[in-house]
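Beneath this line is the structure, given in structure tokens, with notes to follow.
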There are 2 protein chains.
Amino acid sequence: MAPIKRGALAEEIVSYIREQILEGEMKPGEKIDQDAIGEFLDVSRSPIREALVVLGQEGLVVITPRRGAFVAEISPDDVIDHYELFGLVSGRVAAMAAESFTDEQLAELQGIHDRFAASSNDDHFKLNEEFHQLVNSVAPRRTRWLLRNLQRSIPSGFFETTPDWDAQAVRGHGEIVEAILARDVDAARRAMETHLHDAGVAAVEGLTAKGFWETEDD
Amino acid sequence: MAPIKRGALAEEIVSYIREQILEGEMKPGEKIDQDAIGEFLDVSRSPIREALVVLGQEGLVVITPRRGAFVAEISPDDVIDHYELFGLVSGRVAAMAAESFTDEQLAELQGIHDRFAASSNDDHFKLNEEFHQLVNSVAPRRTRWLLRNLQRSIPSGFFETTPDWDAQAVRGHGEIVEAILARDVDAARRAMETHLHDAGVAAVEGLTAKGFWETEDD
DNA sequence: GTTTTGGATTTTGTATTTAATATTTCTTAC
DNA sequence: GTAAGAAATATTAAATACAAAATCCAAAAC
């Protein structure tokens with residue numbers, strides 16, 4: 001691993017292990033060998049331990065005292081459930097946005113969405129982030145914190161793996177924008193909930209395509 | 001600190017620091033001195049560090065690389081917001097319970113509530129936990145996990161500090177029980193949301209009574 | 001008198017070491 | 001041949017050691 005700025009090593013390792021898990025390199029139930037990671041990344045076990053604690057809190061890793069850390073057993077139902085929760089909170093925030101967005105924010109939302117709808121694949125991810133970022137900006141602090149946490153412990157970037165997720169996302173965002181512009185609080189919530197429900201289904205598909213659920217049998 | 005079973009030291013320290021924060025011993029914004037805690041508890045910095053990472057993920061502590069760990073700046077609005085989120089998720093689960101509880105579960109819920117309503121102060125906490133535990137048992141895995149997390153990073157046990165929280169809680173639970181027994185999905189959700197909203201207000205009162213918001217000025 | 005700068009001190013982040021527990025393997029008894 | 005138990009091995013959790021960065025404090029410049 002390239003020499004990382006001192007003081008953020010643990011975070012770097014978190015990203016590494018998280019990616020390994022979400023990309024299916026480490027299978028659910030598999031034991032996470034601290035020494036192996038340390039040798040591979042050329043770091044000591046101290047930051048690795050801290051990284052595993054973070055991932056444990058995120059729910060991607062299960063730590064059993066004196067036994068070690070294991071990749072969490074995640075089922076399709078867990079992913080669906082997770083997105084459902086994500087949608088529940090996001091829906092609440094979308095409702096807030098429909099109520100409290102200023103005219104400037106409405107215009108900006110429309111602008112982002114227009115670019116999103118017209119964008120090439122490469123910008124999709126960025127514009128998608130901008131879209132949700134703007135909506136979530138009206139949420140109170142703790143809610144924003146929870147949304148960040150819910151987003152982190154999840155596979156993202158399905159624009160590549162799920163074929164027509166692009167079109168579906170554009171449609172979903174469109175309905176959300178429409179509802180917020182109309183200041184229809186309930187419709188905004190429902191549209192956001194639906195959008196994230198769909199995203200959950202897409203996530204399961206994406207993970208399936210990557211062979212995420214296939215168990216290690218050796 | 002009494003000698004703790006090896007392998008759970010970090011968790012023990014998490015509890016200790018969390019209590020220190022929620023009891024107002026450590027003030028928001030205050031720096032958390034790792035060496036001081038280590039000396040006081042007679043442990044090395046390794047498990048303390050892991051504890052701080054956990055608390056950082058919970059949002060009770062803010063870790064700044066190379067600067068150290070600080071008690072998070074929590075405002076009354078944050079606590080209200082937190083309980084609102086807690087209520088949002090719990091409400092969803094209450095709705096599930098209203099839909100899917102078996103007759104046995106309904107009877108058990110009624111039983112717990114009856115004992116709760118009649119109980120002395122000492123049992124209130126335990127019966128309150130049993131109540132929510134039973135309702136939450138119908139939630140899918142990830143939702144239960146989130147509820148546990150939301151509950152942990154929050155001050156609990158306001159039965160002592162907020163004078164008539166007892167009565168209010170009994171009333172709140174009563175409405176929830178009624179709605180679930182009637183299998184009224186929407187009423188169950190609303191009742192649970194209201195209950196946790198009230199709990200949030202009580203929490204702020206309790207924290208105020210403890211002088212939680214008073215800043216350290218030395 | 002205030003601000004800036006440079007070194008001393010403290011404290012963090014990571015590495016290394018030590019001690020304890022879990023796991024595996026091998027032996028022995030049935 | 002299988003099962004139980006004991007020794008060997010491996011791996012974790014915690015303690016200690018060390019290096020780098022941040023903070024503190026004092027002296028000097030403005």
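Just so we're on the same page: letters track the sequence lines, and every chain starts at 1. Computed from a predicted model, the values in this text were never measured in an experiment.
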Answer yes if the side chains of S15(B) and R152(B) hold a donor-acceptor pair under 3.5 Å, and no otherwise.
-> no
Is the shortest distance from a Lys or Arg side-chain nitrogen in R45(B) or D35(B) to a carboxylate oxygen in the other one below 4.0 Å?
-> yes
Carboxylate-amine/guanidinium proximity below 4.0 Å for E84(B) and R142(A) | no
Between [N] ([atom2]) and [X] ([atom1]): distance, integer Å:
{"X": "L9(A)", "N": "dA15(C)", "atom1": "CG", "atom2": "P", "answer": "6 Å"}
{"X": "L52(A)", "N": "dA14(D)", "atom1": "CG", "atom2": "P", "answer": "14 Å"}
{"X": "E11(B)", "N": "dT12(D)", "atom1": "CD", "atom2": "P", "answer": "18 Å"}
{"X": "F70(A)", "N": "dA22(C)", "atom1": "CZ", "atom2": "C1'", "answer": "11 Å"}
{"X": "I37(B)", "N": "dA14(D)", "atom1": "CD1", "atom2": "C1'", "answer": "16 Å"}
{"X": "I63(B)", "N": "dA21(D)", "atom1": "CD1", "atom2": "P", "answer": "20 Å"}
{"X": "Q34(B)", "N": "dA22(D)", "atom1": "CD", "atom2": "P", "answer": "15 Å"}
{"X": "I32(B)", "N": "dT11(C)", "atom1": "CD1", "atom2": "P", "answer": "15 Å"}

Quick one: closest heavy-atom pair of V79(A) and G200(A), and the distance?
-> CG1-O, 4.3 Å
Find which nucleotide of DNA chain D each of G68(A) and S46(A) is nearest to by heavy atoms, and output the residue with the more 5' nucleotide.
-> G68(A)
Determine: side-chain N/O of S44(B) to OP1/OP2 of dA15(D), distance under 4.0 Å, yes or no.
-> yes
Atom pairs, protein N/O to nucleotides 8-11 of chain D N/O, distance under 3.5 Å:
none

Could I get the full list of ring-ring contact (aromatic ring centres under 6.0 Å, His included) partners for H173(B), not counting sequence neighbours?
-> F116(B), F131(B), H132(B), H195(B)
Sorted by chain and residue number, the ring-ring contact (aromatic ring centres under 6.0 Å, His included) partners of H197(A) (sequence neighbours excluded) come out as none
Residue R45(B), side-chain heavy atoms: nucleotide from dA15(D), dA17(D), dA14(D) that is nearest | dA17(D)
Report yes if some heavy atom in the side chain of T143(A) is under 4.5 Å from a heavy atom in the side chain of P140(A); otherwise report no.
-> yes
